[in-house]
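Structure first, commentary second.
These numbers were taken from a predicted model, which means no experiment stands behind them. First the proteins, then the strands, lettered A, B, ... as listed; each starts at 1.
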4 protein chains.
Amino acid sequence: MARTVTGGGESGTAAVPERLLAEATRLFAERGYDRTSVQEIVEAAGVTKGALYHYFGSKDDLLHEIYGRVLRLQTERLDAIAARDTPVPERLAEAASDVVVTSIQNLDDTKIFFRSIHQLSPEKQKAVRAERRRYHEKFRSLIEEGQAAGHFRADLRPDLVVDFFFGSVHHLGTWYHADGPLSAHEVAGEFSDLLLHSVRRP
Amino acid sequence: MARTVTGGGESGTAAVPERLLAEATRLFAERGYDRTSVQEIVEAAGVTKGALYHYFGSKDDLLHEIYGRVLRLQTERLDAIAARDTPVPERLAEAASDVVVTSIQNLDDTKIFFRSIHQLSPEKQKAVRAERRRYHEKFRSLIEEGQAAGHFRADLRPDLVVDFFFGSVHHLGTWYHADGPLSAHEVAGEFSDLLLHSVRRP
Amino acid sequence: MARTVTGGGESGTAAVPERLLAEATRLFAERGYDRTSVQEIVEAAGVTKGALYHYFGSKDDLLHEIYGRVLRLQTERLDAIAARDTPVPERLAEAASDVVVTSIQNLDDTKIFFRSIHQLSPEKQKAVRAERRRYHEKFRSLIEEGQAAGHFRADLRPDLVVDFFFGSVHHLGTWYHADGPLSAHEVAGEFSDLLLHSVRRP
Amino acid sequence: MARTVTGGGESGTAAVPERLLAEATRLFAERGYDRTSVQEIVEAAGVTKGALYHYFGSKDDLLHEIYGRVLRLQTERLDAIAARDTPVPERLAEAASDVVVTSIQNLDDTKIFFRSIHQLSPEKQKAVRAERRRYHEKFRSLIEEGQAAGHFRADLRPDLVVDFFFGSVHHLGTWYHADGPLSAHEVAGEFSDLLLHSVRRP
DNA sequence: AATGAATGAGAGTTCATTCAT
DNA sequence: TATGAATGAACTCTCATTCAT
């Protein structure tokens with residue numbers, strides 16, 4: 001969709017659309033979608049408004065692209081983990097751990113995701129929610145599989161468990177700091193552990 | 001429910017500031033703080049802008065008032081529960097259940113809280129975060145008490161557990177619907193159960 | 001027009017209209033008529049808006065009152081000086097000196113006078129300008145008298161001399177400070193001296 | 001007179017920023033800075049608000065630009081006159097005469113200068129006052145030079161003389177009318193003559 | 001004599017977007 | 001591929017004034 005470099009690969013001069021997306025991500029996470037002006041984005045990216053509107057149809061489109069990127073990434077990873085040939089509890093633990101790690105590694109996207117979705121146009125919101133639902137359904141089916149196999153408590157509502165866990169994941173952006181005492185993997189380990197303990201048969 | 005300051009008195013003619021707060025809450029939850037104009041709020045409340053600015057210093061002040069209300073309510077309830085004379089696991093379960101129920105009963109406030117805090121002025125944001133922190137600390141001390149008493153797993157980081165659980169609570173606004181299949185108490189029961197299972201000694 | 005004290009003469013409690021005029025004068029001089037709100041005036045005077053509108057028909061009226069006060073004062077003093085039985089050059093010198101002294105003693109009024117006259121309603125502006133013109137004419141007639149008597153240069157246009165001199169007087173408010181190196185009388189002496197030298201026959 | 005930035009070129013289609021400055025000058029002089037709305041300015045210039053804010057950061061900026069223009073003009077002219085190789089009294093007379101002529105030729109700027117400086121933001125006010133002070137100092141040094149050379153009375157305070165004279169100059173805007181009986185040069189001649197007589201050794 | 005809630009009009013400013021070049 | 005001038009609508013907030021009490 002957008003070329004990788006301009007000119008011929010000079011260091012530090014990523015292609016214009018990439019630079020725009022990167023700066024938009026940073027600014028949206030920092031001060032919110034509505035509080036970030038198109039002017040600020042283009043200034044940060046070192047181009048003019050015309051350039052932005054050459055590559056993106058609207059400010060809204062930028063946000064949609066950011067969503068697309070993170071959703072694609074997480075869906076791919078979940079698919080890979082779910083398809084493994086290991087016991088369900090292990091796959092659930094890995095899936096949980098993995099989504100925490102990638103959420104932290106892309107903390108700006110995580111922040112934007114759950115703060116700004118309402119600022120997308122209705123149609124785009126619908127598309128994003130549908131993709132998100134598919135992701136949740138894949139995660140939920142791991143829980144259902146574990147219940148069917150007798151690993152997890154049968155009295156739990158799998159959809160509620162998913163909402164419970166992803167609430168925690170989405171919330172990461174509001175408290176996690178890269179320079180805090182915890183590494184991404186430490187948080188991931190503990191969150192995964194809490195989830196497994198909460199669903200496992202005693 | 002709302003004090004009648006001027007004339008009136010019949011239901012439906014609540015005092016102007018109360019009406020403004022109620023409509024602002026509804027609109028902020030519905031379309032977000034930045035997407036709600038002062039004009040829309042005063043129209044919904046049936047007054048003019050001048051009236052709003054007679055009672056509130058700024059749009060920002062309205063949001064702050066809304067936060068204050070819900071924080072006061074939840075803090076009071078948590079204090080009451082924590083002070084009970086029952087075993088810690090029971091108190092934690094009740095605190096967890098209660099915060100879910102009141103979050104659902106005030107779902108508009110919950111939605112606003114989670115989404116709009118970044119749109120407060122820096123000073124007000126600081127004040128709100130400080131109050132929120134005190135609330136979390138009180139909740140955390142229940143977990144610490146349970147660990148000390150040998151009820152809960154000692155290897156857990158209490159602060160991480162709090163962030164884990166309140167992520168789930170704050171997230172309620174993004175998926176819960178009053179006309180869905182689950183009552184507030186059903187969700188509360190399951191969330192509380194998940195939390196307790198995740199922290200209890202096996 | 002307005003009583004002098006309320007209650008019975010307690011110190012520091014001047015009557016409401018006087019207090020309003022005094023605070024309005026101070027504020028208009030400090031930040032200009034348009035930049036001073038009625039709210040600020042009533043707060044400074046320790047009353048409410050209703051009280052102000054009880055005594056004055058409009059914000060405009062306050063300004064008109066302030067003008068009236070200073071015009072009356074200066075007209076009275078000029079009349080007294082002009083009527084004296086001394087040689088014209090002496091009377092002109094005293095009139096010039098006196099208007100400088102009273103302008104400095106009422107520096108707030110002086111500042112307001114030449115900055116805010118355009119903010120009066122057209123009718124009030126007309127009235128004030130007419131009074132001011134009468135004052136200038138009286139001053140001018142001193143110069144004409146001096147020319148007729150052979151004291152002053154006959155080739156000067158008396159009206160231009162008046163505008164020349166009163167420009168200097170009106171300008172006092174922009175540079176004179178009570179805590180500066182010059183007393184009101186020192187400035188008055190020098191201004192008067194400059195005027196007399198500029199008109200006298202060599 | 002005004003550079004044509006976009007298209008156009010024919011007289012009457014001056015560039016947008018020039019047109020905005022011209023109309024703003026006219027309107028500020030006519031009804032004062034605070035009483036002139038941005039809406040009125042853009043309507044007079046035949047553009048929209050967006051265009052104004054494309055070129056000027058604020059209404060305040062417009063005023064600052066107007067000040068800058070007139071200060072630059074007068075400073076240049078005074079520098080040229082002061083640098084001449086003629087006797088000091090002649091140079092002072094010419095400087096005085098020149099500032100009167102240019103003040104009358106730019107009477108709108110003169111009116112604005114005198115009345116609206118207090119409505120500039122504090123920082124801009126400081127900048128303008130500093131420039132004005134440099135101008136006054138240059139003028140004052142002419143007087144000091146004349147005193148040192150024995151042309152002017154030694155007992156006069158040069159700074160007071162400057163304030164005396166520039167009061168008269170700034171005041172021109174309040175009484176001079178182009179369609180009145182006096183030409184700019186007639187006024188300039190008389191003002192200059194009055195100044196010289198007031199300072200010269202008898 | 002005085003209150004203060006409420007009005008309604010208008011203020012300056014911001015902003016996403018368009019389009020001729 | 002990219003510019004940047006210009007639009008037009010909407011924004012938050014301020015204010016002098018009124019009026020029932």
Item to complete: Let me know the distance between OH of Y33(C) and P of dT14(F), rounded to the nearest Å.
Response: 19 Å
Item to complete: Grab the CZ-P distance between F56(C) and dT18(F) for me, whole Å please.
Response: 16 Å
Discussion item. From CD of Q119(C) over to C1' of dA16(F), roughly how many Å is that when rounded to an integer?
Written reply: 15 Å
Discussion item. On DNA chain E, compare the nucleotides closest to A51(C) and E40(D); which residue's is nearer the 5' end?
Written reply: A51(C)
Worksheet, complete the sentence: Ranking G57(C) and T36(B) by the position along DNA chain F of their nearest nucleotide, the one closer to 5' is T36(B)
Discussion item. Would you say Y55(A) places a side-chain N or O within less than 4.0 Å of OP1 or OP2 belonging to dT1(F)?
Written reply: no
Practice prompt. May I have the distance from L27(A) (atom CG) to dC15(E) (atom P), rounded to whole angstrom?
Written response: 13 Å
Response to the item:
Pairing partner of dT14(F), by Watson-Crick or G-U wobble and under 3.5 Å for both distances, is dA9(E)
Worksheet item: Are any of H54(A)'s side-chain N or O atoms less than 4.0 Å away from OP1 or OP2 of dT1(F)?
Response: yes
Worksheet entry | Derivation of the side-chain contact (heavy atoms from CB on, under 4.5 Å) call for Y67(D) and I112(D) | CA-CA 8 Å; Y67(D) 282 147; I112(D) 296 171; 4.2 Å; yes
Worksheet item: Which nucleotide, dA6(E), dC11(F), dA16(F), lies nearest any side-chain atom of V16(B)?
Response: dA6(E)
Worksheet item: Given that both distances must come in under 3.5 Å, which nucleotide forms a Watson-Crick or G-U wobble pair with dA20(E)?
Response: dT3(F)
Worksheet item: Please give, in whole Å, the distance from dA2(E) C1' to I41(C) CD1?
Response: 17 Å
Discussion item. Between R26(A) and E23(A), does any side-chain N to carboxylate O distance fall below 4.0 Å?
Written reply: yes
Worksheet item: What heavy-atom pair brings Y53(A) and S58(A) nearest, and what distance separates the two atoms?
Response: CE2-CA, 4.0 Å
Fill in: Nearest-nucleotide 5' precedence on DNA chain E, R35(A) against G50(C)
G50(C)
Practice prompt. Return the 5'-most residue of the pair S58(B), V47(D) with respect to DNA chain F, ranking by each residue's nearest nucleotide.
Written response: V47(D)
Worksheet entry | Qualifying residue for side-chain hydrogen bond (donor to acceptor under 3.5 Å, both in side chains) with H118(D), from R35(C), K111(C), R115(C) | R115(C)
Worksheet entry | Between C1' of dA10(F) and CD of E43(B), the distance in whole Å | 13 Å
Worksheet, complete the sentence: Regarding the side chain of T48(B), the nearest nucleotide among dG8(E), dT12(F), dT13(E) is dG8(E)
Discussion item. Could you report the tightest heavy-atom contact between L52(C) and L20(C), atom names first, then the distance?
Written reply: CA-CD1, 3.9 Å
Discussion item. Between P on dC15(F) and CG on L52(B), what's the gap in Å once rounded to a whole number?
Written reply: 16 Å
Item to complete: Would you mind reading off the distance between D34(D) atom CG and dA16(F) atom P, rounded to a whole angstrom?
Response: 11 Å
Practice prompt. Indicate, yes or no, whether a donor-acceptor pair under 3.5 Å links the base of dT13(E) to the side chain of K49(D).
Written response: yes
Worksheet entry | Distance below 4.0 Å between Y53(D) side-chain N/O and dT14(E) OP1 or OP2 | no
